[in-house]
**Q** 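Quick one: the structure is below, questions incoming.
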Amino acid sequence: MADILHLRLVTPERLLLDEEVDEVTAPGMVGEFGVFPDHATFLSSLQPGRLSYKQNGHTQSLAVSDGFAEVMDNLMTVLCTEAAYANEIDAAQAQEAVREAEAALSTLSPTDAGFEDAQNTLRLAQVRLDVASNG
Amino acid sequence: MATLKEIRKRVSSVQNIQQITKAMKMVSAARLRRAQEAALAARPYAEKLEAVLQNLAAQGDELAHPFLTERAENNTTLIVMTSDRGLCGGFNSSLIREAEAFMRQRAEQKVSLILVGRRAYDYFKRRDVAIAEEHINLYGRLSADLAHDIGRRAGEQFLSGQTDSFYVLYARFRSALVQVPTLDKILPLASTQPTEDQSAVDYLYEPAPHTLLASLLERYIDMLIYRAMLESVASEHGARMTAMDNATSNAVEMIDRLTLDMNRARQAGITRELLEIVATGESLK
């Protein structure tokens with residue numbers, strides 16, 4: 001029985017994280033879920049949100065965009081289009097992004113083609129701001 | 001024969017050109033390295049996405065999706081990726097030639113174009129073709145966001161029946177010397193056949209498999225487009241580096257030849273002057 005979970009976080013731009021962790025909390029499409037070692041094989045889509053993991057008693061957080069998470073044999077792979085640590089996000093810029101996303105969303109109606117994208121953009125911007133200001 | 005002064009002027013202008021082409025070559029070499037790193041960095045994501053899709057496909061046949069279903073191709077969309085800047089040898093013209101060939105093959109179909117890069121746009125805008133979108137003056141800053149943008153619209157148009165198939169034409173990067181124009185089919189996706197050694201993994205799903213499959217496929221399309229973009233950027237810099245390297249060595253050759261001409265002209269001048277002096281001396285005797 002292994003008590004270590006391997007977390008790998010990849011985006012199209014980079015392999016962001018490839019480390020052993022104790023536990024992971026991820027923003028699933030149908031609700032936040034936690035992953036501990038020896039989790040069942042699992043595939044879920046993610047919504048933009050805060051992904052945090054615990055490593056040697058310390059908790060680290062990232063803002064992630066929508067994507068997928070796969071857990072298999074104590075390896076958790078997170079695929080998302082964007083991800084960033086708190087120290088990589090400029091709070092002022094994030095604030096600006098929230099405003100822009102809100103403005104963009106307000107011009108669209110729920111039936112418009114880009115509505116879902118705009119919603120995701122806003123949610124991601126909000127999460128980035130949250131992670132940037134609260135760590 | 002040109003005068004000494006004229007030749008000198010030409011030598012210095014060729015020297016200037018040589019400096020510029022040399023600088024461009026070095027800039028391209030640096031950009032090429034960065035583009036290759038970006039292409040390499042995208043690989044884990046692409047591989048994982050493919051693996052997950054294959055696992056999902058191995059679950060069974062009930063996972064059908066319009067994106068995986070072939071249908072008669074009446075309306076086709078072709079994404080053509082060229083560069084915004086020239087001076088990169090035959091890079092753009094070979095891509096444009098391929099695009100023309102693609103359209104000729106499908107003369108009975110309606111082909112519309114999505115053009116990435118100003119070179120293709122400048123070429124096709126004066127011709128009788130349907131241009132659906134153009135993305136110009138990006139200068140190699142092709143982002144995942146743009147890929148997502150194109151991918152999302154492609155998906156929508158495919159689902160609504162506006163377009164029956166999507167292709168992307170780009171230069172695949174083989175080496176700095178060789179870039180191969182490549183045509184890839186994006187939609188409908190060739191159904192991913194599970195490989196034999198891969199036993200179906202029994203997943204717990206969240207949400208239901210078919211919802212997951214739909215969003216995974218969308219991501220996969222974005223990724224295919226993004227990967228083509230990365231390849232295209234790397235190819236462009238590779239092509240420009242090679243073209244500029246050739247130009248630099250041509251300039252060196254030309255300078256050598258002109259220097260020889262220049263020395264000849266100088267010598268001829270000296271000889272003539274000597275002759276004149278001797279002739280004057282003779283006539284004074």
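Letters A, B, ... mirror the listed sequences (proteins, then strands); counts begin at 1. The basis for the numbers below is simple: all heavy atoms, side chains too, and nothing from hydrogens, waters or symmetry mates.
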**Q** With rounding to the nearest 0.5 Å, note down the distance linking CD in A:E82 to CG in B:D145.
**A** 6.0 Å

**Q** Side-chain contact test, heavy atoms from C-beta onward, threshold under 4.5 Å: evaluate it for B:K48 versus A:R8 and give yes or no.
**A** no

**Q** Heavy-atom distances under 4.5 Å only: say whether A:E13 touches chain B with side chain, backbone, both or neither.
**A** both

**Q** Look at B:R227, B:M223, B:H148 and state which one has the largest set of heavy-atom pairs under 4.5 Å with chain A.
**A** B:H148

**Q** Mark yes when over 12 heavy atoms from residues, nucleotides or ligands other than B:R71 sit less than 6.0 Å from its CZ; otherwise mark no.
**A** yes

**Q** Can you give me the closest heavy-atom contact between B:Y45 and A:V10, atom names plus distance?
**A** CD1-O, 3.6 Å

**Q** Tell me, out of A:P12, A:S44, A:A69, A:G31, who's got the most heavy-atom pairs with chain B below 4.5 Å.
**A** A:P12

**Q** At a heavy-atom separation under 4.5 Å, does A:S45 approach chain B through its side chain, its backbone, both, or neither?
**A** both

**Q** Is the number of heavy atoms from other residues, nucleotides or ligands within 6.0 Å of CZ (B:R106) greater than 12?
**A** yes

**Q** Could you check whether atom CG of A:D73 has more than 12 heavy atoms from other residues, nucleotides or ligands sitting under 6.0 Å from it?
**A** no

**Q** Given the options B:S215, B:P44, B:A38, B:A144, which has more heavy-atom pairs under 4.5 Å with chain A than any of the others?
**A** B:S215

**Q** Could you tell me which non-hydrogen atom of A:M29 sits nearest to which non-hydrogen atom of B:P207, and how far apart they are?
**A** CB-CD, 4.2 Å

**Q** Roughly how far, to the nearest 0.5 Å, is CZ of B:R219 from OG1 of A:T81?
**A** 5.0 Å

**Q** Just how far is it from atom CG of B:L204 to atom CG of A:L43, taken to the nearest 0.5 Å?
**A** 10.0 Å

**Q** Would you mind checking which part of B:L40 comes under 4.5 Å of any heavy atom in chain A, side chain (CB onward), backbone (N, CA, C, O), both or neither?
**A** neither

**Q** Less than 4.5 Å to any heavy atom of chain B: does that hold for the side chain of A:F42, its backbone, both, or neither?
**A** both

